[in-house]
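To keep things clear, I will list the structure first and then write my remarks on it.
For reference, positions follow the sequence shown, starting with 1.
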Amino acid sequence: MTSAPETPETPETAQAPDTPGAPTAPDAPGTPGRFWSRLLPNTAPWRSSRDFRLAWTSGTVTLFGSIFTMTAIPLQIADLTGSPWAVGAVGAVELVPTVLFGLYGGVLADRADRRTVALVSEVALAALSALLLVNALFGAPAVWPLYVAAGLAAALQGIQQPSVEAMIPRLVPHDQLVAAGALLSLRWSVGGVVGPAAAGLLIATAGVPAAFLVDLGTFLLSIALLARIRPVPSERDAERPQLGEFVEGARYAARRPDLIGTYLADLAATVFALPTALFPFLAEDLDATWALGLLYSAGAVGSLIAAATGGWTERVHRHGRLVVLSAALVGAATAAAAFAPGLWVVLLCLIVAGSAHWIGDTFRSAIWNQSIPDELRGRAAGLEMLIGSAGPALGDLRAGGLAARQGIRAALRTGGLLCFGSAALLPAALPALWRYDQRARPAAPASEAAPEPAPEPATEPATELSS
């Protein structure tokens with residue numbers, strides 16, 4: 001999935017509109033065009049790769065529909081049970097399938113055609129949406145099918161996500177991977193803003209079944225888009241995947257303390273400072289049940305703001321420092337929300353947390369995609385997906401349990417402070433993450449199994465975060 005190492009793009013180069021990757025003369029210093037070009041996302045991956053466009057659009061459509069279901073399920077459980085524990089338990093139900101099938105999905109991505117794995121999983125997820133729709137149409141919906149569907153969906157996503165992520169470095173050139181990661185994050189941001197607000201409005205006017213119907217329709221469109229992507233076969237021998245092969249990928253990650261640091265930063269943010277399970281009850285605490293959709297979408301609004309002005313990310317080389325600092329800011333903003341006097345201040349804090357989370361995701365993705373060899377990329381993606389899914393699941397369980405004992409504000413405050421403290425310890429515990437510089441790590445060859453960390457660059461950049 002990697003190509004030959006290329007010289008990193010500098011602030012003095014730009015993308016020509018008609019020839020992706022071709023340098024052109026920069027705007028004169030101080031001109032408005034130069035200022036905005038530094039902020040706007042780089043769309044070179046869209047222009048240069050048809051398959052990346054299809055994959056991006058398919059993921060956007062699926063995400064939009066899935067957010068409808070993600071909004072409907074906790075709201076339906078809260079209405080049927082009135083219990084924060086019952087809502088938080090959804091995370092516990094998702095955890096075991098995420099772990100088991102995420103491991104297998106990573107191995108499968110390194111053995112099978114990655115497009116085919118993504119497509120078959122998408123069909124199965126569409127069937128689950130249909131079952132949720134049937135349950136919601138009953139006069140008295142049962143609670144247990146919601147948990148069953150959440151567990152099965154977690155298993156299918158565990159199989160699918162490593163293949164989807166491992167496709168990306170095969171669809172775009174190596175020097176466009178940071179831009180591709182920013183565009184993928186932008187997809188999540190747009191969907192996260194539009195989806196919860198639209199879902200809240202639709203559920204309020206047409207009921208929960210309408211949300212599941214929208215999800216089913218988006219799955220069908222996504223399947224049609226995925227089917228048009230060219231096959232992405234594994235570069236390894238096509239033999240039966242063995243779950244034990246995941247150990248090889250885990251050993252590779254263990255030799256990379258910078259990778260371990262990215263995983264821990266992600267866990268700190270998602271386990272301690274992602275209070276999604278609290279939103280239905282936080283809306284009641286704020287006497288603003290009408291604003292549930294706004295609470296769900298606030299983080300995505302922050303991500304969208306960061307993504308829309310994220311052109312600067314390609315000029316930052318100290319990726320590890322941004323991973324650490326963004327996790328600390330997520331925790332600080334979440335803790336601040338616990339002390340906020342009203343709805344609009346809470347929303348502002350959640351927007352700041354969402355912006356910081358986008359920054360962290362972008363640089364974590366850059367570290368993973370640029371430095372992990374293709375033959376291990378699927379298993380590494382499985383580990384990333386496992387951490388990325390297990391974190392929110394554990395976070396929902398933690399937040400729901402703490403809120404049930406100590407209250408909504410205490411759950412927010414404690415989680416935010418734990419996230420901030422964990423991020424503050426990372427530079428001392430794993431200095432390789434803090435020192436990580438993309439210029440010292442060219443693209444890993446496909447045959448490289450476990451490279452040693454590269455030395456620090458001989459010349460320090462002009463600033464601590466960028467050159």
Inset, instruction - Specify whether His319 and Phe363 have parallel, tilted or perpendicular ring planes, treating 30° as the upper limit for parallel and 60° as the lower limit for perpendicular. - result: tilted

side-chain contact (heavy atoms from CB on, under 4.5 Å) for Tyr147 and Ile77? Distances and angles first, verdict last. CA-CA 9 Å; Tyr147 290 108; Ile77 292 176; 3.8 Å; yes

Of all heavy-atom pairs between [X] and [Y], which one has the smallest distance, and what is that distance?
{"X": "Ala327", "Y": "Ala265", "answer": "CB-O, 4.0 Å"}
{"X": "Leu412", "Y": "Ala338", "answer": "CB-CB, 3.8 Å"}
{"X": "Val330", "Y": "Ala273", "answer": "CG1-CB, 3.7 Å"}
{"X": "Thr334", "Y": "Gly416", "answer": "CB-CA, 4.0 Å"}
{"X": "Pro162", "Y": "Ile159", "answer": "CD-O, 3.7 Å"}
{"X": "Ala423", "Y": "Ala328", "answer": "CB-N, 3.5 Å"}

- List the steps, then state whether side-chain contact (heavy atoms from CB on, under 4.5 Å) holds for Leu132 with Leu146. CA-CA 7 Å; Leu132 284 171; Leu146 301 176; 3.8 Å; yes

At what distance, to the nearest 0.5 angstrom, does [atom1] of [X] lie from [atom2] of [Y]?
{"X": "Leu286", "Y": "Leu295", "atom1": "CG", "atom2": "CG", "result": "6.5 Å"}
{"X": "Ser422", "Y": "Leu264", "atom1": "OG", "atom2": "CG", "result": "9.0 Å"}
{"X": "Ser303", "Y": "Ile359", "atom1": "OG", "atom2": "CD1", "result": "9.5 Å"}
{"X": "Ile408", "Y": "Leu282", "atom1": "CD1", "atom2": "CG", "result": "7.0 Å"}
{"X": "Asp361", "Y": "Thr262", "atom1": "CG", "atom2": "OG1", "result": "11.0 Å"}
{"X": "Tyr104", "Y": "Arg111", "atom1": "OH", "atom2": "CZ", "result": "11.0 Å"}

When you compare the side chain of [Y] with that of [X], does any pair of heavy atoms fall below 4.5 Å?
{"X": "Gln157", "Y": "Glu94", "value": "no"}
{"X": "Pro280", "Y": "Tyr296", "value": "yes"}
{"X": "Ser121", "Y": "Phe101", "value": "no"}
{"X": "Phe212", "Y": "Phe68", "value": "no"}

Checking the side chain of [X] only, and the main-chain atoms of [Y] only, is there a donor and an acceptor separated by less than 3.5 Å?
{"X": "Ser49", "Y": "Leu171", "result": "yes"}
{"X": "Arg321", "Y": "Trp434", "result": "yes"}
{"X": "Arg114", "Y": "Ile168", "result": "no"}
{"X": "Arg228", "Y": "Leu54", "result": "no"}
{"X": "Trp56", "Y": "Leu183", "result": "yes"}

Check against side-chain contact (heavy atoms from CB on, under 4.5 Å), Val323 and Tyr436 = CA-CA 10 Å; Val323 169; Tyr436 183 94; over 6 Å; no

Taken in chain and number order and not counting sequence neighbours, the residues that satisfy side-chain contact (heavy atoms from CB on, under 4.5 Å) with Val352 are Leu329, Ala333

Across all chains, not counting sequence neighbours, the side-chain contact (heavy atoms from CB on, under 4.5 Å) partners of Thr116 are Asp113, Val120

Practice problem: Kindly check if the number of other-residue, nucleotide or ligand heavy atoms within 6.0 Å of CZ (Phe64) is above 12? | Solution: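 Check passes, neighbour count above 12.
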
task = Please identify each residue that fulfils side-chain hydrogen bond (donor to acceptor under 3.5 Å, both in side chains) with Thr43, with sequence neighbours left out.
result =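 Applying side-chain hydrogen bond (donor to acceptor under 3.5 Å, both in side chains) to Thr43 gives Arg47.
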
Name each donor-acceptor pair under 3.5 Å that joins a side chain in residues 215-225 to protein atoms two or more places apart or in another chain, with its distance.
| residue | atom | partner | partner atom | Å |
| --- | --- | --- | --- | --- |
| Asp215 | OD1 | Ser66 | N | 3.2 |
| Asp215 | OD2 | Thr69 | OG1 | 2.6 |
| Asp215 | OD2 | Ser129 | OG | 2.8 |
| Thr218 | OG1 | Val214 | O | 3.4 |
| Thr218 | OG1 | Asp215 | O | 2.8 |
| Ser222 | OG | Ser58 | O | 3.4 |
| Ser222 | OG | Ser58 | OG | 2.7 |
| Ser222 | OG | Thr62 | OG1 | 2.7 |
| Ser222 | OG | Glu122 | OE2 | 2.7 |

* Residue pairs, two or more places apart or on separate chains, that pass salt bridge (Lys or Arg N to Asp or Glu O under 4.0 Å) and touch residues 263-290 ->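 Applying salt bridge (Lys or Arg N to Asp or Glu O under 4.0 Å) to every pair that reaches into residues 263-290, excluding sequence neighbours, yields Asp266-Arg364, Asp285-Arg409.
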
Contacts satisfying salt bridge (Lys or Arg N to Asp or Glu O under 4.0 Å) that involve residues 51-77 (not counting sequence neighbours) are Asp51-Arg230

| task | Give the C-alpha distance, both sets of side-chain angles, the deciding distance and a yes or no for side-chain contact (heavy atoms from CB on, under 4.5 Å) between Leu433 and Val324. | result | CA-CA 8 Å; Leu433 174 63; Val324 172; 3.6 Å; yes

